[in-house]
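Below, each value reflects all heavy atoms present in this structure, side chains not excepted, and no hydrogens, waters or symmetry copies.
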Amino acid sequence: MGKIFKQLARHWAACLAVVALLFVQAYCDLSLPDYTSKIVDTGIQQGGIESPLPETVRQSTLDALSLLMGEEDADALQNAYGYYLQDNGVLKLRSDLTDAERTALEEAVTTPDIVLYMAAAQNANAPAGDEAEAMTAAPAAEDLDAVCAQFAAMAQMPGFSREMIQQQLASAMEQVDETTLSSMASQATLLVSLEYEAQGVSHDVQMVYLFRVGGQMLALTLLMVVVAILVGLIASRVSASIGRELRRETFSSVIHFSNAEIENFSTASLITRTTNDIQQVQFTCVILLRMVAYAPILGIGGVMHVTQGNTGLAWIIVLDVAALLLLITVLMSVAMPKFKIMQTLVDKLNLVSREILTGVMPVRAFSRESFEEKRFDAASRELMGTQLFTNRAMVAMMPFMTLIMNGTSLLIVWFGGKAMDAGNMQVGEMIAFITYTMQIVMSFLMLAMVAVMLPRAGVAADRIDEVCRTKASIHDPDAATAKPALEKKDWDGVVRFEDVSFRFPGADSDALEHISFTANPGETTAIIGSTGCGKSSLLNLIPRFYDVTGGRVTIDGIDVREMPQEQLHSLLGYVPQKGVLFSGTIESNLKFGGAQITDAGMKKAASIAQATEFIDAKPEGYASPIAQGGSNVSGGQKQRLSIARAIAKDPKIYLFDDSFSALDYKTDVTLRRALKEETDNATVIIVAQRISTVLHANQILVLDDGRLVGKGTHAQLMATCPEYQEIARSQLSQKELNLQNLNTGKEDE
């Protein structure tokens, strides 16, 4: 996991921007339930009235409220309504009141509002006469007017005292318990609603409130949408950049690997790491930025909102969080070990697939389709079994999450209903509480989903990091020890093996033992021997596909290990044993050696390699497309194009690793004759299986089980080297041998 966060740290500025935006999104998300509660409780149930202090009031109602207040509070209330709004005597609350003044007035007017509303309600139910049905009819504006008239008349009565009314109110309030007092508090806004009804503006007040709060909700929602889009955009760009950088680093490491590192990882594993593993890390980075960073903010914010309320249901959240943590812990402990196995099984499946697809023709030739199908099916089933186990474990999480969510909702509705019945909670508060609880649950659900992906992504990140951290065993020399760079024209191309031994990494014995020879410019040095004797291994030591384990290989007296690889390879024209072409055109393949190759040089190289005939026969000539791996050309054509590619580079040293095996005898002879004329000043080293290919070489090296058992011309080896004689007799008839000996003798004369 640390490696994934290390990648994210490279883009710290974008990550900080995402976190900042997520705080904005969380603020919007956490604010919406409060607005929903306001719409339900205030906008619908209270008619849009937020305060027990009316914005507009008639003089009669204001006078009645003043009579129920202390003298100081009454004066403050009368002073708060400073001017007439209309000619009908409706007064408007002053707009220059401070928050402190407004709060003090709201506290002072609450009890008078309750008393005045209860008096209006009592007046509305007075004619009923049946005590059981008392207080069932809602008061109307006429009832409020009647009560206000009664208070006005009472104020005119002799002996009226404001202090007497205050004492009676205080005595009455002392008899009321907290539950009843809490339920009575809502009647303060009912009085304001009744006053607005008397003024004929109750509907307008409610609609103004609903439009205002609804508009704020809409604005927050739109802001949340914009922020979510920005977060998704930034997170996608960051993850895409991380994927690009990881692919670049991984490929840069792989392209500099020697054969030893390639074989250590395996080609199938390297492909999986470069594609599937990086894609897994890239997807996880998006999730980390989008969900992991958001879930704690949302969850903690939801808990804070719930605990700040006075609902008394916070214990449900504690129970909910404990159940979620237990569920996630159990599932992760069961599934996490399997995620670590899954990537290895993916590698195994890719390896089997690659082997079968690469060798599909031998599979068909030997009628082994059924066997290979079973082998593939075994690898596929092993992966499927692991995936099914992890998927079932993760799928089981959803029903349990749903059970917890529904159980939480049931507990909230049950205990919330009781709180509403006791007057401690309103409908909107319960809706908001449920919403916050679901947000908390969803934040844990998001974390659980991420916890599912993190182990697999962590394994993928480790596998990618393993490739990036692996240092190539073959690397350029230090600047202090490197030999001064020379121009290509300053090199002669003398290749010398000085007591060279070589052992493959991890092998128990040497593949080559004490090899010494010199290959001079203008001469052809051929290497021949039985299969597996080390011919290709010897040739691979010159371009440093492997490094010697004993002795040294030099070019013009300079150890190849002391030369920069780029300079070394600029001197070499290498043709591999198996012709390799790249997707593109014939021209792009022939000019693969560099931009310095001209069209004339390309065509000359094709002519020497005997490729002109089939190139010209194609409608598009040198612009003819080459499929991936050269699958649309024959083996012989592929080999000739590979040879032409090396010739077009005009190197100082030619390395042919059994590169004439796919050519017929006539083409082979013609090509080598043309090549001889072209390479008069170059060093040519040929690995071959056929005697006819090496017959006219200036120097023939005979290898047997990694040892140099013969060195000389064909005639010399026929006279002194039993191993060479055995190879010659196995390939040539006695008549051909006599003819070759006769021709060789004439050449010697």
Could I get the full list of side chain to side chain contact (heavy atoms under 4.5 Å, CB included) partners for Ile300, not counting sequence neighbours?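 So Ile300 forms a side chain to side chain contact (heavy atoms under 4.5 Å, CB included) with Met304.
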Non-neighbouring partners of Thr435 that pass side chain to side chain contact (heavy atoms under 4.5 Å, CB included), sequence neighbours left out: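 Side chain to side chain contact (heavy atoms under 4.5 Å, CB included) list for Thr435, sorted by chain: Pro33, Ile431, Gln439.
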Determine whether [X] and [Y] make a side-chain contact, defined as any pair of heavy atoms from C-beta on separated by less than 4.5 Å.
X      : Y      : result
Val18  : Tyr294 : no
Arg561 : Val548 : yes
Gln689 : Lys535 : yes
Ile242 : Arg10  : no
Ser380 : Leu349 : yes
Leu218 : Tyr35  : no
Leu411 : Leu319 : yes

Salt bridge between Asp377 and Arg381, side-chain N to carboxylate O under 4.0 Å?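 So Asp377 pairs with Arg381 through a salt bridge.
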Should the pair Arg248-Glu245 be classified as a salt bridge under the 4.0 Å nitrogen-to-oxygen rule?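 The answer is no: the pair does not qualify as a salt bridge.
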Check [X] against [Y] and note the closest heavy-atom contact, atom names and distance.
X      : Y      : value
Ser642 : Val580 : OG-N, 3.7 Å
Leu32  : Met217 : CD2-O, 3.9 Å
Ala460 : Val281 : CB-CG2, 4.1 Å
Ser659 : Pro576 : OG-O, 3.7 Å
Leu568 : Ile542 : CD2-O, 3.6 Å

Around atom CZ of Phe23, are there more than 12 heavy atoms from other residues, nucleotides or ligands closer than 6.0 Å?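 Result for CZ/Phe23: open.
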Quick check on Arg392: does its CZ atom have over 12 non-hydrogen neighbours (other residues, nucleotides or ligands) under 6.0 Å away?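 Incorrect, the count does not exceed 12.
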Under the 6.0 Å and 45° cation-pi test, does Arg368 pair with Phe371?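 Here Arg368 passes the 6.0 Å and 45° test against Phe371.
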Tell me if the aromatic rings of Phe433 and Phe415 count as close, with their centers under 6.0 Å from one another.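 They do not qualify: ring centres at least 6.0 Å apart.
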Please work out which of the three classes, parallel, tilted or perpendicular, describes the rings of Tyr546 and Phe502, given edges at 30° and 60°.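 Ring orientation of Phe502 relative to Tyr546: tilted.
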Parallel, tilted or perpendicular: ring planes of Phe582 versus Phe592, cut at 30 and 60 degrees: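 Phe582 vs Phe592 ring planes: parallel.
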